[in-house]
Amino acid sequence: MRAFLLERQIDNTATFRLNELAEKWACSDKNVKRKLKKYQELEFCQYQPGQGRGNASKITFAQSFQSEIEDFIRTAVEQENLDKLLGLLQFNIPREWFSSVSSEMNELFGLHTEKGDQDILRLVIARPFSILDPLHTSINMESSLLLQLGDPLVRFDTTTNTVMPCIAHHWKAEHNSTVWTFHIRKGIRFHHGRTLTSTDVYQTLEKAMQKGTVTHWYLKDIARIELPSETKITIHLHTPNPFFIRYLCLGNLVILPHDVPFDEYKWTSTGAFKLTKRSSQKLILEAFDDHFLERPFLDRIEFWLVKDQKNPVITVTNMGNADNTDYTDHATKDYGVNIVTFNFKHCTFAHHRAFREAFYHLLDPQKMLHDLENDEESEASSYFFHKSSPQKRDSSKITALLKSAHYNGEPLRFAILSHAKTIRQGRWVVARAAEFGISLDLQIIDISSEFYQAKWEDIDINMGADVPSSDIEIAFMDFYGNPNLAPQRFWAKKELQQIEELLHQARQCTAFSDRDYFYDQLESFVRDNHLLLFLEHMTKHQFIHATIQTEDKLLYGHLNLKKLWIG
């Protein structure tokens with residue numbers, strides 16, 4: 001209430017209408033009166049009801065808002081009550097009011113050591129975690145967490161670009177890469193204490209092969225699976241696929257116990273961290289002492305939610321102190337690619353190449369970045385950062401192209417995700433399109449609560465970013481081939497057949513240079529036909545406490561929590 005009334009407050013007095021507070025508190029006018037009466041009894045304020053229907057009420061507070069906030073913060077810091085502090089940060093309160101206790105708050109956030117030498121890292125996130133079910137999550141932040149909670153059969157080393165042992169210590173491919181045999185380590189323990197066997201691997205793959213999962217696409221070549229022993233599993237494929245083993249490295253295919261029903265709020269697997277608490281505001285991981293490879297260096301990782309802030313980490317750690325150097329900004333320049341995709345299955349105009357070309361000239365990334373004063377990002381013309389270069393646009397062609405496509409201002413549903421930056425870009429696109437008579441109805445999809453439930457089939461045009469996993473080749477194939485993602489979901493059958501044929505040929509190659517040839521062919525086909533429009537490669541900022549060290553490079557903006565230590 002005080003934060004809401006702050007801008008209209010004069011000498012600790014503000015006017016308001018009951019329905020305003022009823023809306024803020026999500027209650028009735030009667031309950032608002034009840035609350036105000038209670039605050040008055042506690043001598044927090046004096047409440048003067050408005051005289052007559054619709055007239056403004058008046059409230060005078062006993063204490064200045066700033067001193068009240070400082071007292072509240074000091075008490076919360078003394079109690080180490082992070083829930084209260086983070087709750088306060090959701091409100092529009094001047095950050096300089098926090099400066100007197102900024103050093104104490106920094107001791108609670110970031111790196112923290114408790115009695116008993118427990119090393120805790122507290123990280124701030126801008127949105128709650130959505131689905132943590134490996135069979136159904138397809139968002140980068142959640143996918144990166146899966147590899148902290150569980151382990152796949154094998155893992156991909158981004159430094160050497162090779163597949164390395166993990167749950168399987170050895171493997172071989174036979175009969176032209178149609179038969180894959182994996183030998184499983186002995187003595188691997190799940191979080192609930194049981195030892196892993198080949199049955200757990202089999203059951204994990206069986207569930208992941210089911211249609212309706214995000215993993216079905218990776219495993220569609222599997223014909224059957226055999227279990228020669230508890231430490232051996234053999235996978236038979238319908239067709240040769242030298243690239244198959246790379247799919248088995250993914251976080252979506254971490255091995256789960258067959259005897260424990262999956263619960264994304266409890267999470268039982270073999271990972272280096274155990275999930276010990278998950279709520280709407282926080283998620284806590286604790287080191288798994290019996291991890292079969294290596295125990296994490298840190299004892300606990302805590303994720304705390306601070307919503308509706310442009311930069312939640314800076315909000316929490318600086319608290320109005322611009323000279324705070326406890327955190328270092330590590331920027332990742334090639335953090336995925338932002339694209340616009342046409343829905344051939346709903347938008348009739350998408351079938352006209354001229355309509356898609358009109359949008360190509362309309363959506364000039366250089367103009368968008370300039371207009372939005374964004375000098376961090378770079379124009380994209382490929383999924384791959386190192387292959388992108390500026391492309392020529394000519395807005396004088398747009399009107400004639402739209403006429404050729406028989407477009408006459410019909411309204412089109414334009415969907416974006418609920419990131420603050422994406423919303424600014426989406427509004428820019430809507431305004432830019434309107435300059436040429438294109439009517440776009442902006443649909444904002446909440447990434448935490450609506451991403452998986454949105455009626456994508458009703459969307460005409462979609463703008464969204466694809467953020468790759470640590471294995472960028474898999475990410476590229478997944479982006480173009482996974483039926484759950486935009487290209488496969490939106491494109492017409494003819495275009496999809498061409499894409500699938502190029503992906504199939506790439507999967508038959510053992511050398512990267514040979515696969516890369518087909519990648520280039522695929523993207524030339526996409527660009528030449530304007531099937532999707534590349535906008536920009538994004539920059540991800542990861543603020544890391546100065547005392548935290550890691551031997552791993554940042555993987556698309558996400559830390560490998562298992563490799564962090566105090567320097």
Side-chain angles (χ1 to χ4, degrees), residues 140 331-343 347 349-350 353-399 401-402 412 414-438 440 442-444 459-468 472 475-476 479-480 485-487 490-491 519-520 522-541 556-557:
N140 183 263
T332 306
K333 285 288 186 182
D334 56 344
Y335 182 71
V337 63
N338 196 19
I339 54 161
V340 166
T341 315
F342 303 97
N343 186 358
C347 180
F349 299 104
R353 188 186 185 282
F355 180 80
R356 303 194 303 272
E357 185 179 349
F359 262 82
Y360 168 78
H361 293 293
L362 176 84
L363 299 183
D364 183 344
Q366 295 292 340
K367 178 172 176 54
M368 181 181 72
L369 295 173
H370 176 269
D371 290 351
L372 296 178
E373 299 180 346
N374 183 353
D375 57 1
E376 281 194 327
E377 324 295 9
S378 59
E379 180 178 346
S381 61
S382 165
Y383 188 87
F384 299 104
F385 179 79
H386 68 279
K387 293 183 179 182
S388 286
S389 60
Q391 305 293 297
K392 185 178 179 180
R393 262 81 173 178
D394 185 353
S395 60
S396 67
K397 297 180 177 181
I398 296 173
T399 300
L401 287 166
L402 291 174
L412 302 171
F414 175 54
I416 62 173
L417 295 179
S418 58
H419 296 296
K421 175 189 161 188
T422 306
I423 292 172
R424 291 195 298 273
Q425 289 181 328
R427 288 171 177 160
W428 181 91
V429 171
V430 171
R432 174 72 171 160
E435 294 176 19
F436 296 89
I438 301 173
L440 297 181
L442 188 63
Q443 308 286 313
I444 300 175
I459 298 301
D460 294 297
I461 303 171
N462 173 65
M463 182 175 74
D466 190 79
V467 180
I472 191 146
F476 176 88
F479 174 69
Y480 284 109
L485 301 182
F490 290 156
W491 288 348
Y519 300 158
D520 288 341
L522 188 158
E523 291 209 304
S524 292
F525 173 68
V526 168
R527 276 193 301 266
D528 292 346
N529 291 279
H530 305 297
L531 297 181
L532 61 78
L533 306 178
F534 295 101
L535 293 180
E536 92 269 33
H537 291 287
M538 302 167 294
T539 300
K540 169 74 173 182
H541 291 276
Y556 302 101

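Contacts of Asp528 classified as side chain to side chain donor-acceptor pair (under 3.5 Å), with partners at least two apart in sequence or in another chain: none. Looking at residues two or more places apart in sequence or on another chain, you find a salt bridge (Lys or Arg N to Asp or Glu O under 4.0 Å) between Glu536 and Lys421. With sequence neighbours excluded, no residue forms a side chain to side chain donor-acceptor pair (under 3.5 Å) with Tyr360. Shown here are the side chain to side chain contact (heavy atoms under 4.5 Å, CB included) partners of Asp364, two or more places apart in sequence or in another chain: Gln366, Lys367, Arg393. Every side chain to side chain donor-acceptor pair (under 3.5 Å) that Ser382 has, sequence neighbours left out, goes to Glu523. With sequence neighbours excluded, the residues forming a side chain to side chain contact (heavy atoms under 4.5 Å, CB included) with Ser395 are Ile398, Arg432, Phe436, listed by chain and number. In this structure, the side chain to side chain contact (heavy atoms under 4.5 Å, CB included) partners of Asn529, at least two apart in sequence or on a different chain, are Arg353, Arg356, Phe525, Leu531. For Phe490, the ring pair (Phe, Tyr, Trp, His ring centres under 6.0 Å) criterion is met by no residue, not counting sequence neighbours. Residues satisfying the ring pair (Phe, Tyr, Trp, His ring centres under 6.0 Å) criterion with His361, sequence neighbours excluded, are absent altogether. Scored by the side chain to side chain contact (heavy atoms under 4.5 Å, CB included) test, Leu442 finds Phe414, Ile416, Arg427, Val430, Ile444 as partners (sequence neighbours excluded). Residues satisfying the side chain to side chain donor-acceptor pair (under 3.5 Å) criterion with Ser388, sequence neighbours excluded, are His537. Taking Phe534 as the reference, nothing meets the ring pair (Phe, Tyr, Trp, His ring centres under 6.0 Å) condition, with sequence neighbours excluded.
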Going through the checks in order, is the side-chain contact (heavy atoms from CB on, under 4.5 Å) test met by Phe476 and Leu522?
-> CA-CA 11 Å; Phe476 176 88; Leu522 188 158; 4.2 Å; yes
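Separating the CZ atom in Arg424 from the CE atom in Met368 is a distance of 11.0 Å, to the nearest 0.5 Å. The CG atom of Leu440 lies 5.5 Å from the CD1 atom of Ile461; values are rounded to the nearest 0.5 Å.
Across all their heavy atoms, Ser389 and Ser381 have their closest contact at N-OG, 2.9 Å. When all heavy atoms are compared, the tightest approach of Asn462 to Ala415 is OD1-O, 3.4 Å. Here the closest heavy-atom approach between residue Cys347 and residue Leu412 is recorded as SG-CD2, 4.1 Å.
Looking only at distances, a side-chain donor or acceptor of Glu377 sits under 3.5 Å from a matching main-chain atom of Thr539. In this structure, Asn343 contributes its side chain and Ile459 its backbone to a donor-acceptor pair below 3.5 Å.
No side-chain heavy atom of Phe359 sits less than 4.5 Å from a side-chain heavy atom of Leu401. Two residues are said to be in side-chain contact when any heavy atoms from C-beta on lie closer than 4.5 Å; Phe342 and Leu533 meet this criterion. Side-chain contact between Trp491 and Tyr480 is present, with at least one heavy-atom pair separated by less than 4.5 Å. Two residues are said to be in side-chain contact when any heavy atoms from C-beta on lie closer than 4.5 Å; Asn374 and Leu369 meet this criterion. Considering only heavy atoms from C-beta on, Leu363 stays 4.5 Å or farther from Met463 through its side chain. In this structure the side chain of Lys387 reaches within 4.5 angstrom of the side chain of Asp520, judged on heavy atoms. Taking the side chain as every heavy atom from C-beta outward, Phe385 and Ile472 never approach each other to under 4.5 Å.
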